[in-house]
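Positions are given from 1, in the same order as the sequence printed here. Start at 1 and go down the list; that is how both ligands and their atoms are numbered.
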Amino acid sequence: MKITDAKIFVGGPGKNYVTLKIMTDQGIYGLGDATLNNRETLPAIYLQDYLIPNLIGMDPRNSEDIWQFFYRGAYFRRGPIAMAAFGAIDMALWDIKGKLANMPLYQLFGGKSREGALTYAHATGADLPDLIDSVTRYIAQGYKAVRVQCGIPGMPTASYAVPDQKGLTDDLITDFSGIRPKTEVWNTDLYTRFMPQALAEIRDRFGPELKILHDVHHRLTPREAAQFAKEVEPIGLYWLEDPTPAEDQNVLRLIRKHSTTPIAVGEVFNSIWDCNRLIEEELFDFIRVAVTYAGGITHVKRIVDLAGLHNIRTGFHGAPSHSPISMAAQAHLNAWAPNFGIQEYLVLGTQECDEMFPSEHRHEDGLFFVSDAPGLGVDFNEEMAKRYDYAPGSHPVVRLEDGTLWNY
Ligand code: CS2
Ligand code: MG
């Protein structure tokens, strides 16, 4: 069997999805996602200029050897751009493998460990009453878990994933007005004084059953993070996410020493080498990698297996930028993984999105039910995709009040 061609599409309804389609001499094709949020053209160029010319003629069934060829063969290894480009190829080769076997991918991993996979929604509000309304709406939709982000009184600008006016619930992650980022101003003291009270209020209002998650989004120093995790311990969060930048694999020790609040990290990790020591020392509780940014199914499955040896559960990233293709890949891993925890789920389903990526995957009552169709179980409407162009977008950059550049 041989790969005969591969095509890349950049763009989509409201997002710059980077979709890869790999064709074979048996008429079977595979789909992959290389959507690296706010840098979408870079994995597309890496694929077009370096990976696809080598891919043509390879046997698509040899997904492991192809992964090693592109990883070791690159010499300069890792990094989100390369790993997103491999990730798309890897997802597409697994899709082809599933279609050849006439099985949904979870069967090739070892079958189902559960029917519905628990998901969480993004509740947000310009202030606490607004956030309470947002949580109420998600609970009414059947969610058992919500991430809560709240406007901070006195903060000079709206904070991470918080609208600047009441009633807006869009996750304001990417601003498509151009490549020059807006500036968000951050004051740690205002945040650390207000946010524990807001989390306690959500717990008091919605009771002990609700799974409450919060994303600090890398904003605190290790000591501030240890103090914050200790202070919110009685609230019983499901997880406290990215409390401090974790590329320094020492920082989580301090938090672990002072608090039993569950910690989630990893959405910015793009290889097992970013987190193997953190996992082996059991310094956190949920691994947040994404198949798109961490080298596809093959590599993420290795990370999941290592995490499983150390009582760490999965909590795959599923940001607004995620394509239905990568969400489908994660859905199969979520159905299989013995150490599954929870899946971040932004309602991808605008009508255009469903039209562009038709599938039988189902999200209901806060649970994600994986499709039994062969392979990934998602298709791609090429003709429709051609209607969309790349639209440069950016995250804000964050500065402290004295102008210091801080963590977004
Ligand atoms: C966030 C992400 O979903 C999350 O947990 O951390 O949405 C993150 O802000 C974006 O992926 C950045 O592009
Ligand atoms: Mg996050």
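Interface of R147 with ligand 1, defined as ligand atoms under 4.0 Å from a residue heavy atom, comprises 1 (C), 3 (O), 4 (C), 5 (O). Within ligand 1, counting atoms from 1 as listed, the ones closer than 4.0 Å to a heavy atom of H217 are 1 (C), 6 (O), 8 (C), 9 (O). Residue H122 approaches ligand 1 through these ligand atoms, each under 4.0 Å from one of its heavy atoms: 3 (O). Every atom of ligand 1 is numbered from 1 in the order shown, and the set under 4.0 Å from a heavy atom of D215 is 1 (C), 4 (C), 5 (O), 6 (O). Of all atoms in ligand 1, numbered sequentially from 1 with element shown, those under 4.0 Å from a heavy atom of R288 are 3 (O), 4 (C), 5 (O).
Considering just the N/O/S atoms of E267, the one nearest the Mg ion (ligand 2) carries the name OE1. Nearest N/O/S atom of E241 with respect to the Mg ion (ligand 2) is recorded as OE2. Looking only at N/O/S atoms, D215 comes nearest to the Mg ion (ligand 2) through OD2.
For the residue pair Q68/E64, the side-chain donor-acceptor check at 3.5 Å is satisfied. No side-chain donor-acceptor contact under 3.5 Å links S394 and N38.
Between F86 and Y46, the two ring planes are perpendicular [angle over 60°; tilted spans 30° to 60°]. The aromatic rings of Y191 and F228 sit parallel, their planes meeting at an angle under 30°, below the 60° perpendicular limit.
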Steps toward side-chain hydrogen bond (donor to acceptor under 3.5 Å, both in side chains) verdict (W186, T188)
CA-CA 6 Å; W186 175 256; T188 294; 2.9 Å; yes
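Of the candidates E344, H395, Q149, it is E344 that places a heavy atom closest to atom 4 (C) of ligand 1. Distances from atom 1 (C) of ligand 1 to the heavy atoms of Y293, Y408, Y160 show the closest one on Y160.
You'll find the side chain of H217 stays beyond 4.5 Å of the side chain of Q149, heavy atoms only.
Tested against Y17, the residues F357, F9, Y388, F380 include a single ring pair (Phe, Tyr, Trp, His ring centres under 6.0 Å) partner, F357.
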